[in-house]
Structures are given as C-alpha cells and as structure tokens.
Amino acid sequence: MRDLHLSLNQTQRVRLESAFHELQALAPAANASAAAAVTVADTIPVNHEDNILKGHGTSDQDGEVVATLCGLVERVNKLVYVRTLRARYKPEVGDIIVGRVIEIAPKRWRLEINFSQDAVLMLSSMNLPDGIQRRRTAVDELNMRSIFEENDVICAEVRGFQHDGSLHLQARSQKYGKLERGQLLTVPAYLVKRRKQHFHHLEQYDVDLILGCNGFIWVGEHVVVGEKTNTTGDQQKSSTEVENFTPLETRKHICRLANAVRLLSALGFTLTIELIIDTAEASASSNVEINDMLGAEFYVLTAEREAKRRADLLKKKSGSR
C-alpha cells in the first residue's frame, strides 16, 4: 500500500521534494525535547554511578551501553531502552485490533492480525449472538460457524498472551464482533498510535472507522450497537437483501475515506482521525474524484498541505510562548 507507483512530472517532483524538505526541517523544531536518535552500534551516554538498567535494544560492550537497534533512546527512571520507529506490531494488553478469521478450531477461532503468530479467540471469550451471559455448551461449539466463518473480518481486544507466545483475544462487548459492508485496509502498524479512542463514528458520512493497533483499519457503514443481537435468525434471513444494501452515497464516502488512508500511509504520515477526515474533505472540496485521490497531483497537494499545517501549528506554539 505504501507504493502507489506514481508517475510524477518534473514540476510535481520538485514540489514534492520541497514539501518533504520542509517537513524534515520542521521535525527537529517540533520535537526539540525529543529523545536522541541512535543507529546500530552507537554509544548511549549514561551515568554508570546511577546503576542504570539496560532494556530492549541495548547491549553492554567494553563497559559502554551500545544500541543494537535504530530508533530513539527512551529513559524511564533507571531503565534505558531504544524505541524503534518502524517496527512490527508489538501487542499490548487492551489493544483494539482488527483481524481476519483463517481457521475454526475446537472452541476457538484463529485470526490473522498482522503479527508474527496467529491470534486465538476462544468461544468462552466471545459475546454470544443472543447476548446472554452463560456457560458455553456443546451446541454452541457446533454452531461456531454461524457466528464467524473463514475470511470474516472481526474486531476484538487483546486479553493476554498464551504460553507459546500467541495472542489471546476477547470480544465480550457488543461493540466487538463481525465487521461487514466496508473495506479492510492494511498499513504499517507504527503509523497507528495507541489512543483512548479507536472506534470512530463519522456522523457526517454515516461511516464507522476503526483504527486497529495492529495496522488493520476498517472503514464501513455505520452499524448501531446491538442491532444484530436483537434480531433472530429468521428475521435476519427474511431481511437479508435490506441489510446487505448500502446506499450509493455511503459507498462513496467509504471509498473516499479509504483512499485518504491509503494516501496518508503512502506518505508515511501518522494516521489520526483528524488527518483522515481533513484529507477526505480536502479532496471533496477540490472536486477531486475518488479514483483521482491516488493520483500524482493530489499526492503532492496532500504533502504540501501537511507541511503548511505543521508550519502554522509551530508558529502558533511559538507565538503563545
């Protein structure tokens, strides 16, 4: 997704390089108090009298602390470690993730979540369709395929780690579960920062946006929490056509937001809900067609607009001081 294979003309190439140079110049000023950047084999200055603790990405060589990874040096009390900028997804308990079912095993589903190992969602950790909290029976195990089947997209929460290193997920709330009528996007996990809110309902578009910590992003039609739980199996079968119909205008909004995510990911910008909406609205206000959002001109315009936004933000901060 990061490679859009753009064919830039000379003017667009110069404008893009200028925007990137401006962004790079703004980065040190915006992060004046940021941690020092190191590469492999760089020496990390520490005070050995403080009895420091060497953490992830560090090593002791000839009495000096040396970095074994490229990244930023972080210090927490006496702990010194290196935080990589472009690392694979590192799960933490409580992370909101989006995954795809790849296997149905006894009393569990296995999911692909953009991690080195598959994740496991136990039947006992799943909110049943009837919404009743009860013990899972043999009948529930036989009906697992009616809840999730292969290739279904699911939203869940990281519960913990199993002894073999795989993830243990849970979906005990009604806001978790199967995702339908939308697009699943894959971006580098480091572009999605952990925040208090990862579920976003964009009322102006009638669209749900889920920013998975694992780099899987869901853009789909808004679903009222609990509407599936309150319908019986017969009602769902009788109204399948109505439920599966997504209005054309909503489909356009989904595609426009999805292309905004693709574009920002290709540029390497951190994905925030504000930046995604701003990019989508900028394309609509400029009368840019949805398929043209991934073209060279809008690609350059997005980089220039982000450079201007960061410059204005830096001026406001310096002016307030």
Side-chain angles (χ1 to χ4, degrees), residues 1-31 85-86 98 114 181-193 200 202-212 215-222 246-317:
M1 178 176 293
R2 283 173 288 178
D3 299 325
L4 294 180
H5 304 292
L6 298 172
S7 56
L8 300 171
N9 58 36
Q10 185 62 28
T11 303
Q12 292 171 338
R13 195 181 305 278
V14 172
R15 289 167 53 199
L16 184 61
E17 290 177 356
S18 176
F20 279 144
H21 284 316
E22 187 175 353
L23 288 169
Q24 291 175 357
L26 291 171
N31 300 318
L85 295 178
R86 296 194 175 189
V98 177
N114 197 26
R181 298 184 294 237
Q183 293 188 29
L184 177 65
L185 309 172
T186 304
V187 303
Y190 62 84
L191 295 181
V192 182
K193 304 301 181 183
H200 302 280
L202 310 183
E203 297 183 3
Q204 66 272 38
Y205 300 122
D206 194 30
V207 168
D208 285 336
L209 179 63
I210 303 177
L211 301 176
F216 283 0
I217 295 179
W218 176 260
V219 187
E221 183 182 358
H222 174 61
T246 301
L248 178 60
E249 196 64 24
T250 303
R251 297 184 200 178
K252 291 182 178 179
H253 291 324
I254 292 173
C255 293
R256 188 173 294 276
L257 290 166
N259 279 352
V261 172
R262 293 186 176 97
L263 180 61
L264 295 172
S265 171
L267 287 167
F269 295 155
T270 300
L271 297 173
T272 62
I273 184 64
E274 296 82 10
L275 187 56
I276 294 172
I277 294 176
D278 179 67
T279 304
E281 290 181 348
S283 67
S285 61
S286 302
N287 295 323
V288 177
E289 295 294 334
I290 296 175
N291 58 322
D292 293 334
M293 289 178 64
L294 302 180
E297 181 61 25
F298 192 69
Y299 183 92
V300 176
L301 287 174
T302 303
E304 292 176 337
R305 189 174 60 255
E306 178 63 11
K308 183 177 183 303
R309 185 188 70 83
R310 294 187 186 182
D312 293 341
L313 185 61
L314 188 60
K315 289 180 182 178
K316 288 182 180 178
K317 287 184 177 180

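Position 1 is the first residue of the sequence; numbering continues from there.
- Atom CD1 of Ile217 is separated from atom CG of Leu257 by 11.0 Å, given to the nearest 0.5 angstrom.
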For Tyr299 and Leu263, what are the C-alpha separation, side-chain angles and deciding distance, and is it a side chain to side chain contact (heavy atoms under 4.5 Å, CB included)?
CA-CA 7 Å; Tyr299 183 92; Leu263 180 61; 3.3 Å; yes
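- Although no hydrogens or angles enter the test, the distance criterion places a donor-acceptor pair under 3.5 Å between the side chain of Ser285 and the main chain of Glu281.
- At least one side-chain heavy atom of Ile273 sits less than 4.5 Å from a side-chain heavy atom of Leu202.
- Summarising the geometry of Leu16 relative to Ala303, their closest heavy-atom pair is CD1-CB, 3.8 Å, with the distance given to 0.1 Å.
- The shortest distance between side-chain heavy atoms of Ser18 and Glu304 does not fall below 4.5 Å.
- When every heavy atom of Ala260 is checked against every heavy atom of Ala280, the shortest pair comes out as CB-N, 4.2 Å.
- The residue from Thr186, Leu185, Leu211, Ile210 that alone fulfils the side chain to side chain contact (heavy atoms under 4.5 Å, CB included) condition with Val98 is Ile210.
- The two residues Ser7 and Ala296 come nearest to each other via the heavy atoms O-CB, 4.0 Å.
- Residues Gln204 and Ile277 are in side-chain contact: their nearest non-hydrogen atoms beyond the backbone lie under 4.5 Å apart.
- The distance from the SG atom of Cys255 to the CZ atom of Arg262 is 8.0 Å, given to the nearest 0.5 Å.
- The line from CG of Leu301 to OG of Ser283 is 11.0 Å long, rounded to the nearest 0.5 Å.
- Counting only heavy atoms from C-beta outward, the side chains of Thr250 and Val207 approach each other to under 4.5 Å.
- In this structure, CG on Leu267 lies 5.0 Å from CZ on Phe20, to the nearest 0.5 angstrom.
- Residues Leu271 and Ser265 come closest through the heavy atom pair CD2-N, 4.3 Å.
- Across all their heavy atoms, Arg13 and Leu8 have their closest contact at NH2-O, 3.1 Å.
- Using a 4.5 Å cut-off on side-chain heavy atoms (C-beta onward), Arg309 and Glu306 make contact.
- The ring pair (Phe, Tyr, Trp, His ring centres under 6.0 Å) test with Tyr205 is passed by exactly one of His200, His222, His253: His253.
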For Arg256 and Lys252, what are the C-alpha separation, side-chain angles and deciding distance, and is it a side chain to side chain contact (heavy atoms under 4.5 Å, CB included)?
CA-CA 6 Å; Arg256 188 173 294 276; Lys252 291 182 178 179; over 6 Å; no
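- Under 4.0 Å is where a charged nitrogen must lie from a carboxylate oxygen, and between Asp312 and Lys308 at least one such pair does.
- At a threshold of 4.5 Å between non-hydrogen side-chain atoms, the residues Thr279 and Phe298 count as touching.
- Contact annotation: the side chain of Leu314 never approaches that of Arg310 to less than 4.5 Å [non-hydrogen atoms, C-beta and beyond].
- Rounded to the nearest 0.5 Å, atoms CD (Glu297) and CG (Asn9) are 8.0 Å apart.
- Distance check: Leu209 CG to Trp218 CH2 gives 11.5 Å after rounding to the nearest 0.5 Å.
- Shown here are the salt bridge (Lys or Arg N to Asp or Glu O under 4.0 Å) partners of Asp278, two or more places apart in sequence or in another chain: Arg305.
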